[in-house]
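The structure under discussion appears below in the form of structure tokens.
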Amino acid sequence: MENNVHRTPLVQQTSSVSMATFQLYAVLEAIADRVEMHKNIGEQRDNWNTLLLNSINMITLTAATMAGVAAATGVGAGVSVMGLNLASSVMFSAATGMLVLMNKIQPSQHVEEQRNATRLFKQLQTQIKTLLAVGSPCQDDVNDAMEKVLALDKAYPLPLLGVMLDKFPASLEPAVWWPRKQSPNSNKALKNNNGWTRELEMEMREVVEVIKRKDSEDYEKLGNKALNMNKVLGTSGPLLTGIAALGSAFMVSSNSPWAATVAAVAGALASAVNTFEHGGQVGMVFEMYRNNAGFFKHMQESIESTLDECDVEKRENGELFEMKVALQLGRSLSELRDVAKKSSYSRIEGSPMDEFASKLF
């Protein structure tokens, strides 16, 4: 007996639901999968950071202890300390290789990348759900959603090999997780000016100036400091373990107490540097500053692209846009207007602006 199972197509010709709606639901499914992937991989790389840090420090401190014991035993012990010398040399060499790999990958920075990717994918997911709930999506909305998903994939790649972000760039470059060419939203309003006035446009331009002069500049400076510190620490750790390995090798060949002392001290210093770099998660701090700088860059481009649209009917509603900007900066509408006024006065008088645009970061 044949069992004929006929699956009902998800999209039927007679369906009252538009194709754009079905496509957006498909995009939502892909986003939900990416949220789960970034969450799981972030947890895995957090475990890597903890396990590698503890393992390398254990190896380094054990080798330093062996070198210290060999130095304390003295030259007269002869063959009895040969095993300690060889073991410490091998362990220092292993720690050097592992530390070079860990500093190249920077697990704590990867974890922060995955955290930000998860948050931004969830944010995009919420935006699409809102559009499906209150709007009438069209093909342009589908294309915009797909572009945003692909931009996020490019900004926060999952693989370690080939497309991994450079962990030691020449200088901080703000993260970019949005399509560089964004078309303005087409929310229509009942008013002829779509909620926009000359005063509101001037206010938005002043907010952009404050973000450029204060917030973006400040986070780029902090990010570059964290980057330089990470470069120094990332070089110092393997260098110290390498010196310790050479000291242990000289202990084997010459049985010199000075070589043992150098190996023990360099190993202890390497452990301290490694703990500060990876236990203090300096790479994560750099990535946090990079993403904050990207947030302000995104706000600048969003406001500027909206103001560059000459037809106010093609812009997002002005009152709604102002409220969104205020919320993103952690301010009330009155506080946002006050910041714009202060920026205007400071530029006219030639005095420095003493207030940041954002209260959140």
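Note that the structure is a prediction, hence the values are computed from the model and not measured. Here, residue 1 is the first one in the sequence, and each next residue gets the next number.
- For residues 328-352, there are no ring pair (Phe, Tyr, Trp, His ring centres under 6.0 Å) pairs, not counting sequence neighbours.
- The residues R205 and E209 are annotated as not salt-bridged, no charged nitrogen and carboxylate oxygen being separated by less than 4.0 angstrom.
- Under 4.0 Å is where a charged nitrogen must lie from a carboxylate oxygen, and between D218 and K214 no such pair does.
- Using a 4.5 Å heavy-atom threshold, the side chains of L165 and P157 count as touching.
- Applying the ring pair (Phe, Tyr, Trp, His ring centres under 6.0 Å) test to residues at least two apart or on different chains, the pairs with a partner in residues 107-166 are H38-F121.
- At least one side-chain heavy atom of S343 sits under 4.5 Å from a side-chain heavy atom of R213.
- No side-chain heavy atom of K167 sits under 4.5 Å from any side-chain heavy atom of K104.
- Just one residue in the list N228, L222, N224, L172 forms a side-chain contact (heavy atoms from CB on, under 4.5 Å) with F286, and that residue is L172.
- A salt bridge links K342 with E355: the closest approach of a Lys/Arg side-chain nitrogen to an acidic carboxylate oxygen falls below 4.0 angstrom.
- Checked against L131 for a side-chain contact (heavy atoms from CB on, under 4.5 Å), the options T126, D144, T21, L24 give a single hit: L24.
- A side-chain contact (heavy atoms from CB on, under 4.5 Å) with E309 holds for exactly one of D311, T306, V312; it is D311.
- One distance of note links CD of Q300 with OG of S216; it measures 4.0 Å at 0.5 Å rounding.
- W258 has its ring centre no less than 6.0 Å from the ring centre of F250.
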For side chain to side chain donor-acceptor pair (under 3.5 Å), just list the numbers for N291 and E287, CA-CA rounded to whole Å, side-chain angles, deciding distance to a tenth of an Å, and then say yes or no.
CA-CA 6 Å; N291 278 282; E287 181 63 22; 2.8 Å; yes
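- Note on R290 versus E113: no salt bridge recorded, every NZ/NE/NH1/NH2 to OD/OE distance being 4.0 Å or above.
- Looking at E36 and K39, no side-chain N of the basic residue comes within less than 4.0 Å of a carboxylate O on the acidic one, giving no salt bridge.
- Under 3.5 Å, the side chains of S89 and S248 contain no donor-acceptor pair of N or O atoms.
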Which is it for T60 and L99 under the side-chain contact (heavy atoms from CB on, under 4.5 Å) test, yes or no, and what are the steps along the way?
CA-CA 10 Å; T60 306; L99 196 50; over 6 Å; no
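- Partner K212 forms a salt bridge (Lys or Arg N to Asp or Glu O under 4.0 Å) with one of E304, E206, E217 and no other, that one being E304.
- Rounding to the nearest 0.5 Å gives a distance of 11.0 Å between CZ of F92 and CG of L246.
- Between Y289 and Y219, the ring-plane angle classifies as tilted under the 30° and 60° cut-offs.
- In this structure, CD in E319 is found 9.5 Å from CG in N194, a value given to the nearest 0.5 Å.
- Hydrophobic clustering, defined by side-chain heavy atoms of Ile, Leu, Val, Met, Phe, Trp and Tyr closer than 4.5 Å, groups L233 together with M229, L240, V265, L269, V273, F276, V282.
- Between the CE atom of M146 and the CD atom of Q23 there is a distance of 8.0 Å, given to the nearest 0.5 Å.
- No side-chain heavy atom of Q44 sits less than 4.5 Å from a side-chain heavy atom of Q114.
- Ion pair R34/D153 flagged as a salt bridge, since at least one NZ, NE, NH1 or NH2 atom sits closer than 4.0 Å to an Asp/Glu carboxylate oxygen.
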